[in-house]
Amino acid sequence: MCNKKYIANNIKNLLLITAFLLLAIPVFAHGDLSIQIAEKTKAITKSPNNFELYYERGLLYQQHVEYNKALNDYIKSESLGNTNNDLKYSMAEVYYLSEDYNKALKFISNYLEIDSINVKAKKLEAQILFNLKAYKKSLKAYRYVINQMVDTRPEDILEYSNIILAENPNNYHDALEAIDYGLKQLGLNTLSLQLKKLEYLEASNQVKKVLEQYNYFILQYKRKEFWYYKKAKYLQKINKPKDANIALQLAAISIEQLDAKFKNTNSIIRLQTQIKNLETTLN
């Protein structure tokens, strides 16, 4: 139960970040949304039966995070005869953002009846289903997204792997396969994916691979001292005090090799204290 709650919070945070970024882009690209909304309102006053104007203002309200006003405009646009499939998608999206997941599912299902292969719509469907705790259906929909997506992003892979674990909290095999797929698509040095891989390896008690993952970070980054320390903490956790001590010594050597300007930073001073404290527990 705790694991599922953690996964759910992870996905919710990812979705909130994604939504914020998506909503922020139009603001900077098109100027002040309030001005655009006011201009669209004037146009509606002149053409009160134009369903396109209501739909367009609804999109602006949605970007402005005024979901009730956006929804009212979408409903008005529909009542005036707007049968465009994009309206169904927008209504599904605004219901989703308003956390009315049942209505969101209804509209995205209607959209997919007309365009069943749309990747963006399938992704929204997967996200809605996840929030409805329909994990198997969510996973099926997101698997389609991953297989069809052209411009894959790290957050897509992370979201997919989280859904895998929501459906089965012990299925680290498939979750790690998803991460490895993402690394092949996006590059082996995609930090967020490598960090998540380390997390999953530790959670699934794959000791040898965990140590290999720590070694990857040590070899990959010039600032090795932190990774040696993290490796030492893990070695202590799995009851390998001798190996942990070696890792701590390497962390101390890495600090000594730093330029003076780095040695005096708060983060390094704090790390040196952490190293001494850990050494005390090992001896």
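What you see is a predicted model; the values in this text were computed from it and never measured.
Residues R223 and E225 are paired through a salt bridge, judged by an N-O separation under 4.0 Å between the basic side chain and the carboxylate. A salt bridge does not link K276 with E279: every distance from a Lys NZ or Arg NE/NH1/NH2 to an Asp or Glu carboxylate oxygen is 4.0 Å or more. The pair K263-E256 counts as a salt bridge, with a side-chain nitrogen and a carboxylate oxygen less than 4.0 angstrom apart. The existence of a salt bridge linking K42 and E39 is excluded, since no basic side-chain nitrogen approaches an acidic carboxylate oxygen closer than 4.0 Å. A salt bridge is defined here as a Lys NZ or Arg NE, NH1 or NH2 lying under 4.0 Å from an Asp or Glu carboxylate O, and D73 with K76 fails to meet this definition.
E202 places no side-chain N or O within 3.5 Å of a backbone atom of V210 that could act as its donor or acceptor partner. Although no hydrogens or angles enter the test, the distance criterion places no donor-acceptor pair under 3.5 Å between the side chain of S161 and the main chain of A175.
Using a 4.5 Å heavy-atom cutoff, the side chains of L139 and Y144 are not in contact.
Cluster membership for I179 and M149, using ILVMFWY side-chain heavy atoms within less than 4.5 angstrom, is shared.
Other residues, nucleotides and ligands contribute more than 12 heavy atoms inside 6.0 Å of the CG atom of N277. Within a 6.0 Å sphere centred on CD1 of I117, other residues, nucleotides and ligands contribute 12 heavy atoms or fewer.
The list of ring-ring contact (aromatic ring centres under 6.0 Å, His included) pairs with a residue in residues 194-218, not counting sequence neighbours, reads Y172-Y200, Y214-Y234, F217-W227.
Between Y101 and Y96, the ring-plane angle classifies as tilted under the 30° and 60° cut-offs.
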